[in-house]
Amino acid sequence: MENETLFNEWLIGLVVVSLIVVIAAVLLILVFLAAKRILRLAGAALEIVTQIKNNTLPIWELETTNKVAVDIQNEAEAIQAHATLVAEALE
């Protein structure tokens, strides 16, 4: 093999390897940028989820509110029944 042919093949190999390195670097940069974007969007999503959680907390308290309302109704009915007995006794 002549020196010129060997040099040409070496140069072609160098260009191919350089091209592969450049492509790999571009892909790594794109992955890094995508990861940064995902992190930013995840932070925004976390804020929104926290806000949704805070806005829906009263819904979870409805069961307690319903129990208290039933207790109040039962007590009011008991008061009414006793008041009726007192009223009948006074007649």
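Hydrogens, waters and symmetry mates play no part in the numbers below; they use all other heavy atoms, side chains included. Residues: numbered from 1 along the sequence shown.
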Participant: Can you list the steps and then say if I20 with V16 is a side chain to side chain contact (heavy atoms under 4.5 Å, CB included)?
Facilitator: CA-CA 6 Å; I20 291 172; V16 169; 4.0 Å; yes
Participant: Looking just at side-chain N and O atoms, do Q73 and E77 make a donor-acceptor pair shorter than 3.5 Å?
Facilitator: yes
Participant: Once you round to the nearest 0.5 Å, how far does CG of L11 lie from CD of E4?
Facilitator: 11.5 Å
Participant: Of V15, V21, L14, which meets side chain to side chain contact (heavy atoms under 4.5 Å, CB included) against S18?
Facilitator: L14
Participant: From L46 CG over to K53 NZ, what is the distance, rounded to the nearest 0.5 angstrom?
Facilitator: 10.5 Å
Participant: State the CD1-CD1 distance between I79 and I72, to the nearest 0.5 angstrom.
Facilitator: 10.5 Å
Participant: What distance separates L28 CG from I23 CD1, expressed to the nearest 0.5 Å?
Facilitator: 12.0 Å
Participant: In Å and rounded to the nearest 0.5 Å, what is the CG to CZ distance from L33 to R37?
Facilitator: 11.0 Å
Participant: Can you tell me how far apart CD1 (I12) and CZ (F7) are? Round to the nearest 0.5 Å.
Facilitator: 10.5 Å
